[in-house]
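All remarks here apply to the structure that follows.
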Amino acid sequence: MTMTDTANDDIKAMSFEQALEALERIVDDLEKGDVPLDQSIRIYERGEALKAHCDRLLKAAEDKVEKIRLSREGAPVGTEPLDPK
């Protein structure tokens, strides 16, 4: 485990909204251009971790949505297990 991994452990517990807000703050800080280079690298790496977390959460949500069964008329009629056994 690298130092960056340890510094980003809190990301796993974030909701999508929390992670997205943190990512937006990082983008704003980097766009301003007044962050020292070493700090820019650290926050860029954190941004990458936040983006990956958001991607995982979105994929999980998409998988759940895809499991909703629809009638011929397009009305929801139930759901199917995400991982059938």
Side-chain angles (χ1 to χ4, degrees):
M1 182 177 288
T2 67
M3 179 69 140
T4 303
D5 292 336
T6 304
N8 292 332
D9 281 347
D10 64 317
I11 292 173
K12 295 175 188 171
M14 289 182 174
S15 69
F16 176 81
E17 291 79 8
Q18 291 168 325
L20 186 60
E21 183 179 322
L23 183 56
E24 288 171 345
R25 282 193 305 269
I26 286 172
V27 170
D28 287 344
D29 288 345
L30 290 173
E31 285 179 344
K32 288 178 189 173
D34 58 356
V35 179
L37 180 60
D38 61 332
Q39 186 179 356
S40 293
I41 292 168
R42 280 196 309 276
I43 64 174
Y44 178 84
E45 289 171 346
R46 182 167 174 81
E48 285 291 316
L50 286 162
K51 179 187 175 299
H53 181 65
C54 286
D55 288 344
R56 282 190 299 277
L57 293 175
L58 281 176
K59 176 69 174 131
E62 288 171 358
D63 288 346
K64 289 178 184 177
V65 169
E66 289 172 359
K67 292 295 183 178
I68 296 173
R69 290 184 287 134
L70 302 176
S71 69
R72 289 181 185 225
E73 295 78 29
V77 293
T79 59
E80 297 175 5
L82 184 58
D83 295 318
K85 295 180 182 179

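Positions are given from 1, in the same order as the sequence printed here.
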Before giving the answer on side-chain contact (heavy atoms from CB on, under 4.5 Å), spell out for R42 and V35 the whole-Å C-alpha distance, their side-chain angles and the decisive distance to 0.1 Å. CA-CA 11 Å; R42 280 196 309 276; V35 179; over 6 Å; no
Looking at A49 and I11, what are the two nearest heavy atoms and their distance? CB-CD1, 3.6 Å
Apply side-chain contact (heavy atoms from CB on, under 4.5 Å) to the pair D55 and K51, showing each step before the final yes or no. CA-CA 6 Å; D55 288 344; K51 179 187 175 299; 3.0 Å; yes
State which residues pass side-chain contact (heavy atoms from CB on, under 4.5 Å) with Y44; sequence neighbours excluded, sorted by chain then number. L30, E48
Where do I26 and G47 come nearest, in terms of heavy atoms and distance? CD1-N, 3.7 Å
Nearest non-hydrogen partners of N8 and E45, listed with the distance: ND2-O, 4.2 Å
Under a single-linkage rule joining Ile, Leu, Val, Met, Phe, Trp and Tyr whose side-chain heavy atoms are separated by less than 4.5 Å, which residues share a cluster with V27? none
Which ILVMFWY residues can you reach from L58 by hopping between side chains whose heavy atoms are under 4.5 Å apart? F16, L20, L57
Distance-only, no hydrogens or angles: does the H53 side chain make a donor-acceptor pair with backbone N or O of A19 under 3.5 Å? no
Pairs in or reaching into residues 19-35: which pass side-chain hydrogen bond (donor to acceptor under 3.5 Å, both in side chains), with residues at least two apart or in two chains? E21-R25
Looking at residues at least two apart in the chain, or sitting in another chain, which of them share a side-chain contact (heavy atoms from CB on, under 4.5 Å) with L37? I41
Side chain to side chain donor-acceptor pair (under 3.5 Å) partners for Q18, two or more places apart: S15
